[in-house]
Structures are given as structure tokens and as C-alpha cells.
A.B. asks: 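Quick one: the structure is below, and I'll ask about it shortly.
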Amino acid sequence: AQRYGCSALIIYSDPEDYAPSGTLVYPNGPSLPPYGLQRGSLLEPDGDPLTYLVPSLDGVFRESYSSVMASGGVPSIPVQPIGYGDAIYFMSQLDNISAPNSWTGALGMIYRIWQSDSNANQSFIQVNNYQEQRTIYDVIGTVYGQVEPDQMVILGNHRDAWVFGAVDPNSGTAVLQEMARAFGTLRTKGWRPGRSI
């Protein structure tokens, strides 16, 4: 979108992929409801784009955000996810050029990709974001092995930090917390694993 001169990008998860016909939507079922949206990132490189391929630690040289944006490392236009219930409104504003079949979904309308010159409908995105560098913390615990301490068994879950960080995947967090509690109880009784955990 950015490469082709768009001033912003609105994305949504189509019900064909996230709420297939015949499935119930949340809260009555597992599928994405019309007001639901996905969070995520459109960044292509792994890690911090300001310290590409280098850990983002204090003291590490960082490119400026503007230079990374100029080189295409981060988007220079705003990107806003919306629910498919709202997407119907925006998609209905388009009145020209039918979308390829592979782009059509289950909104129950003709998918179009262009707005004709005679169409006076306009949509605006108001951006109130700001860039801020924040420190994140990883909680790491180690129980050293008794037989092969150099051999590691690594346990973990949800290594990203979107919104609630490690609390986000509650089922994985619950399992790790319970394992940590059990290992702690065993350690008080003198137990050590064969390999380091």
C-alpha cells in the first residue's frame, strides 16, 4: 500500500477465514465476532528494526526511526486493524474494479478494490500514536542439572510482549507457573534434575 502511494492502510480479518459459515462467534463459540480484530505487526524483519540483527540492549547503536522508515524497514503510513463488521462500511464505499476471486471473502457483498472519480465518499484516519522506547523484562529461572548440567531443557511460552506480555497466553503461563512451583518444592527437598532446566 505504501509503495503504491496510499496514505493509510485499513486491514481486517475476513469472516471466510476467521468465522466460517456455520460456526458460532464469540462469546457463543470460538470464531472471531464482527467487532473482533487481530493485533499484530506488519514488520517483516525479526527483532527491533532499529537494531537490525543485533540484540536491542542498552548501549547498542540504534538507527533513527526516521532513517529506518526512509529505507522501508518500518511503514511510513498508518496501519489500522478493524473488525469485519466495520469493514463492510468501508468496503461498501468502493464502487469500481472487482477484486480478484482470491481476494473475495464472506462479507456478503461484491468485493471491489477501487473508488471511482465520481464517488465523493471519503474516509479519514486520525492518528494519535507516538513512538516511545520502553524497557521490557524477561523472567528467567534456572535449575542446574546434577548429571549433565551443560545439557539444557528449555521451557517457555509466548516470547513476545504485545499488550500484556507473558500474561497474554494464560494457559501457557499457568503451566509454567505450576512447573516453577513444583520445581521449587522439589528443590527444597534436595532434588536436582539430570539436565539443567
Side-chain angles (χ1 to χ4, degrees), residues 1-52 56 63 65-66 68-116 119-136 157-173:
Q2 173 181 316
R3 193 176 302 130
Y4 289 99
C6 292
S7 57
L9 179 64
I10 300 172
I11 57 176
Y12 74 98
S13 299
D14 197 281
E16 181 157 307
D17 301 315
Y18 293 92
S21 179
T23 62
L24 296 174
V25 299
Y26 179 85
N28 300 314
S31 294
L32 189 69
Y35 54 84
L37 55 97
Q38 289 197 54
R39 296 168 296 141
S41 176
L42 295 180
L43 293 178
E44 292 180 8
D46 292 330
D48 185 343
L50 305 185
T51 60
Y52 184 59
S56 184
E63 295 284 342
Y65 191 85
S66 58
V68 173
M69 186 169 51
S71 68
V74 293
S76 63
I77 61 173
V79 179
Q80 179 62 51
I82 61 173
Y84 59 83
D86 293 324
I88 293 171
Y89 169 77
F90 291 102
M91 296 282 283
S92 68
Q93 306 300 308
L94 304 175
D95 62 353
N96 199 359
I97 305 178
S98 294
N101 288 337
S102 61
W103 291 13
T104 61
L107 289 180
M109 62 189 300
I110 297 173
Y111 283 62
R112 299 194 185 275
I113 59 172
W114 198 262
Q115 183 170 314
S116 63
N119 185 337
N121 294 316
Q122 294 185 356
S123 298
F124 297 91
I125 291 182
Q126 181 174 336
V127 180
N128 295 307
N129 295 343
Y130 57 92
Q131 298 296 325
E132 181 181 40
Q133 185 176 324
R134 303 283 301 267
T135 301
I136 62 170
N157 76 309
H158 217 291
R159 292 181 171 85
D160 67 9
W162 290 111
V163 186
F164 299 109
V167 179
D168 194 332
N170 292 317
S171 58
T173 301

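These values consider heavy atoms only, across backbone and side chains, with no hydrogens, waters or symmetry-generated copies.
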A.B. asks: Find the distance between CG (Asp17) and OH (Tyr12) and round it off to the nearest 0.5 Å.
C.D. replies: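 Spacing of CG (Asp17) from OH (Tyr12) equals 9.0 Å.
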
A.B. asks: Measuring from Ser98:OG to Trp103:CH2, what's the distance to the nearest 0.5 Å?
C.D. replies: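 Spacing of OG (Ser98) from CH2 (Trp103) equals 12.0 Å.
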
A.B. asks: Kindly compute the distance separating CG (Asn119) from CZ (Arg112), expressed to the nearest 0.5 Å.
C.D. replies: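 Here the rounded value is 11.5 Å.
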
A.B. asks: When rounded to the nearest 0.5 angstrom, what is the spacing between CD1 in Ile77 and CE in Met69?
C.D. replies: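 Interatomic distance, Ile77 CD1 to Met69 CE, rounded to 0.5 Å: 11.5 Å.
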
A.B. asks: Between Asp14 (side chain only) and Tyr84 (backbone N and O only), is there a donor and an acceptor less than 3.5 Å apart?
C.D. replies: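 Checking the backbone N and O of Tyr84 against the side chain of Asp14, no donor-acceptor pair under 3.5 Å is found.
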
A.B. asks: Considering all heavy atoms of both residues, which atom of Val25 and which atom of Ala19 are nearest to each other, and what is their separation?
C.D. replies: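 Minimum heavy-atom contact is CG1-CB, 3.9 Å.
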
A.B. asks: Could you tell me if the side chain of Pro81 sits less than 4.5 Å from the side chain of Gln38, heavy atoms only?
C.D. replies: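 No - every pair of side-chain heavy atoms lies 4.5 Å or more apart.
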
A.B. asks: Heavy-atom count around Gln126 CD within 6.0 Å, excluding the residue itself: above 12?
C.D. replies: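 Count not over threshold, so no.
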
A.B. asks: Around atom OH of Tyr26, are there more than 12 heavy atoms from other residues, nucleotides or ligands closer than 6.0 Å?
C.D. replies: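 No, because the 6.0 Å sphere around OH of Tyr26 holds 12 heavy atoms or fewer from other groups.
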
A.B. asks: Any heavy-atom pair between the side chains of Pro15 and Leu107 that's under 4.5 Å?
C.D. replies: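 Touching, per the 4.5 Å side-chain cut-off.
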
A.B. asks: Using side-chain heavy atoms (C-beta onward) and a distance below 4.5 Å, is Tyr65 in contact with Val74?
C.D. replies: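 Contact flag for Tyr65/Val74 side chains = yes.
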
A.B. asks: Donor-acceptor check, side chain of Glu63 to backbone of Val68, threshold 3.5 angstrom: yes or no?
C.D. replies: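 No, Glu63 side chain to Val68 backbone: no donor-acceptor pair under 3.5 Å.
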
A.B. asks: Ignoring hydrogens, what is the shortest heavy-atom contact between Leu9 and Ile125? Give both atom names and the distance.
C.D. replies: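 So the minimum-distance heavy-atom pair works out to O-CD1, 4.4 Å.
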
A.B. asks: Tell me if the CD1 atom of Ile113 is crowded by more than 12 foreign heavy atoms within 6.0 Å.
C.D. replies: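 More than 12 within 6.0 Å, yes.
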
A.B. asks: Return the minimal non-hydrogen interatomic distance between Thr104 and Ala99, and the atom names on each side.
C.D. replies: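 Where Thr104 meets Ala99 most closely, the heavy atoms are CG2-O, 4.3 Å.
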
A.B. asks: Under the 3.5 angstrom rule, does the side chain of Tyr111 hit a backbone N or O of Asn101 as a donor-acceptor pair?
C.D. replies: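 No, Tyr111 side chain to Asn101 backbone: no donor-acceptor pair under 3.5 Å.
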
A.B. asks: What is the minimum heavy-atom distance between Pro49 and Gly73, and which atoms define it?
C.D. replies: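 Heavy-atom minimum between the residues: CB-O, 4.3 Å.
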
A.B. asks: Restricting to non-hydrogen atoms, name the atom on Phe90 and the atom on Ile82 that form the minimum distance, rounded to 0.1 Å.
C.D. replies: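 The pair with the smallest heavy-atom distance is CD1-CD1, 3.7 Å.
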
A.B. asks: How far does CG of Leu32 sit from OG1 of Thr23, to the nearest 0.5 angstrom?
C.D. replies: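 If I round to the nearest 0.5 Å, the distance is 10.0 Å.
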
A.B. asks: So does Asn121 get a backbone contact from the side chain of Gln115, meaning a donor-acceptor N/O pair under 3.5 Å?
C.D. replies: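 A pair under 3.5 Å: yes.
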
